[in-house]
Amino acid sequence: QVQLVESGGGLVQAGGSLTLSCAASGRYLNTYALGWFRQAPGKEREFVASITRSGGTTYYAAPVKGRFTISRDNAKNTVYLQMNLLKPEDTAGYYCAATVNVLTAPAMEDDRNYGYWGQGTQVTVSS
């Protein structure tokens, strides 16, 4: 079993950048595919980005493609989400998730396929 802890959220102006981190403990991170999801008040949780175990393949939701980058450092047991050109509509709680399943798109975008979740970190983008 793996435990996930996100950090790096905060308040930023539109056009700015933030980097979220998700540190894993309990198991080696390289046995899990990882994803980032977000949930804004009054909205359903939505897929943001995901990355395979090796880091060789990444997937992005259309609204963030070209602005966000997911990466992982298995030696540090950490996954990152670099967010650039942030927009007010990016405001949400951001959650890291892990799965032991071997998935490909579009399964990597389905939060039902992830069995482990962090507590979330808030990102607020002001206009």
Side-chain angles (χ1 to χ4, degrees):
Q1 189 164 335
V2 64
Q3 292 80 43
L4 305 171
V5 178
E6 303 95 333
S7 61
L11 174 64
V12 63
Q13 288 189 329
S17 299
L18 279 176
T19 299
L20 305 183
S21 299
C22 175
S25 62
R27 292 287 298 271
Y28 291 114
L29 199 62
N30 61 5
T31 60
Y32 297 88
L34 300 161
W36 285 97
F37 293 79
R38 66 186 182 186
Q39 187 168 22
K43 295 187 176 181
E44 292 189 354
R45 186 163 58 191
E46 65 176 3
F47 168 75
V48 176
S50 60
I51 189 167
T52 54
R53 295 179 183 184
S54 66
T57 304
T58 56
Y59 304 91
Y60 295 94
V64 308
K65 200 167 188 178
R67 299 188 297 122
F68 290 13
T69 302
I70 188 171
S71 62
R72 64 190 296 164
D73 186 336
N74 288 338
K76 294 183 178 180
N77 269 5
T78 303
V79 61
Y80 305 96
L81 185 68
Q82 173 68 43
M83 305 185 294
N84 298 326
L85 299 175
L86 283 161
K87 305 175 181 179
E89 50 264 45
D90 294 319
T91 295
Y94 282 72
Y95 298 86
C96 174
T99 178
V100 296
N101 298 322
V102 178
L103 304 172
T104 57
M108 288 283 280
E109 302 175 12
D110 188 339
D111 61 357
R112 294 171 297 179
N113 290 322
Y114 292 80
Y116 304 97
W117 293 83
Q119 84 291 347
T121 186
Q122 178 67 33
V123 172
T124 303
V125 184
S126 63
S127 57

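Computed over heavy atoms, backbone and side chain alike; hydrogens, waters and symmetry mates excluded.
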| field | Contact summary for N113 and T99, nearest pair of heavy atoms | value | O-OG1, 2.9 Å
| request: Determine, using the 4.5 Å side-chain heavy-atom cutoff (strictly less than), whether V123 and V64 are members of one ILVMFWY cluster. | output: yes
| task | Please answer whether the main-chain N or O of Q119 pairs with a side-chain N or O of E6 as donor and acceptor at a distance below 3.5 Å. | result | yes
| task | Verify, without hydrogens or angle tests, whether T91 (side chain) and V125 (backbone) share a donor-acceptor contact under 3.5 angstrom. | result | yes
| query | Are F47 and L34 connected, step by step, through hydrophobic side chains (Ile, Leu, Val, Met, Phe, Trp, Tyr) whose heavy atoms are closer than 4.5 Å? | reply | no
| query | Can you name the closest pair of heavy atoms from L29 and V79 and give their distance? | reply | CD2-N, 4.2 Å
| query | Under 4.5 Å between side-chain heavy atoms, hopping through other hydrophobics if needed: is there a path connecting Y80 to M83? | reply | no
| message | Using every non-hydrogen atom in the two residues, find where Y60 and A49 come nearest and quote the distance to one decimal. | response | CD2-CB, 3.6 Å
| Can you name the closest pair of heavy atoms from R72 and T52 and give their distance? | NH1-O, 2.7 Å
| task | Quick one: pull up CG in L81 and OG in S21 and give me the separation to the nearest 0.5 Å. | result | 9.5 Å
Identify each donor-acceptor pair in which a side-chain atom of residues 103-112 lies under 3.5 Å from a protein atom, sequence neighbours left out, and give them as a table.
from, atom 1, to, atom 2, distance (Å)
D110, OD1, R112, N, 2.9
D110, OD1, R112, NE, 3.0
D110, OD2, R112, NE, 3.1
D110, OD2, R112, NH2, 2.7
D111, OD2, R45, NE, 3.1
D111, OD2, R45, NH2, 3.3

| A33 and N101: which non-hydrogen atoms are nearest, and at how many Å? | CB-O, 4.4 Å
| said: I'd like to know if the side chain of D90 and the backbone of P63 have a donor-acceptor N/O pair within less than 3.5 Å. | reply: no
| field | Single-linkage hydrophobic cluster, 4.5 Å side-chain cutoff, Y95 and L4 together | value | no
| Parallel, tilted or perpendicular: ring planes of F68 versus Y94, cut at 30 and 60 degrees | tilted
| query | Can you find a side-chain donor-acceptor pair between T19 and Q82 that sits under 3.5 Å? | reply | yes
| query | What distance separates R38 CZ from Q122 CD, expressed to the nearest 0.5 Å? | reply | 11.5 Å
| said: Let me check something: do V48 and W117 share a hydrophobic cluster, defined by ILVMFWY side-chain heavy atoms less than 4.5 Å apart, either directly or through other members? | reply: no
| message | For A14 versus S127, what's the shortest heavy-atom pair and its separation? | response | CB-CA, 4.4 Å
| task | For the pair V102 and R53, evaluate side chain to side chain contact (heavy atoms under 4.5 Å, CB included) and give the outcome as yes or no after the intermediate values. | result | CA-CA 9 Å; V102 178; R53 295 179 183 184; 3.8 Å; yes
| remark: Rounded to the nearest 0.5 Å, the CH2 atom of W36 sits from the OG atom of S50 at a distance of 13.0 Å
| task | Find the distance between CG (L18) and CG (L11) and round it off to the nearest 0.5 Å. | result | 9.0 Å
| Once you round to the nearest 0.5 Å, how far does CD1 of I70 lie from OG1 of T57? | 11.5 Å
| field | Atom pair CD/OG of Q1 and S25 - distance to nearest 0.5 Å | value | 10.0 Å
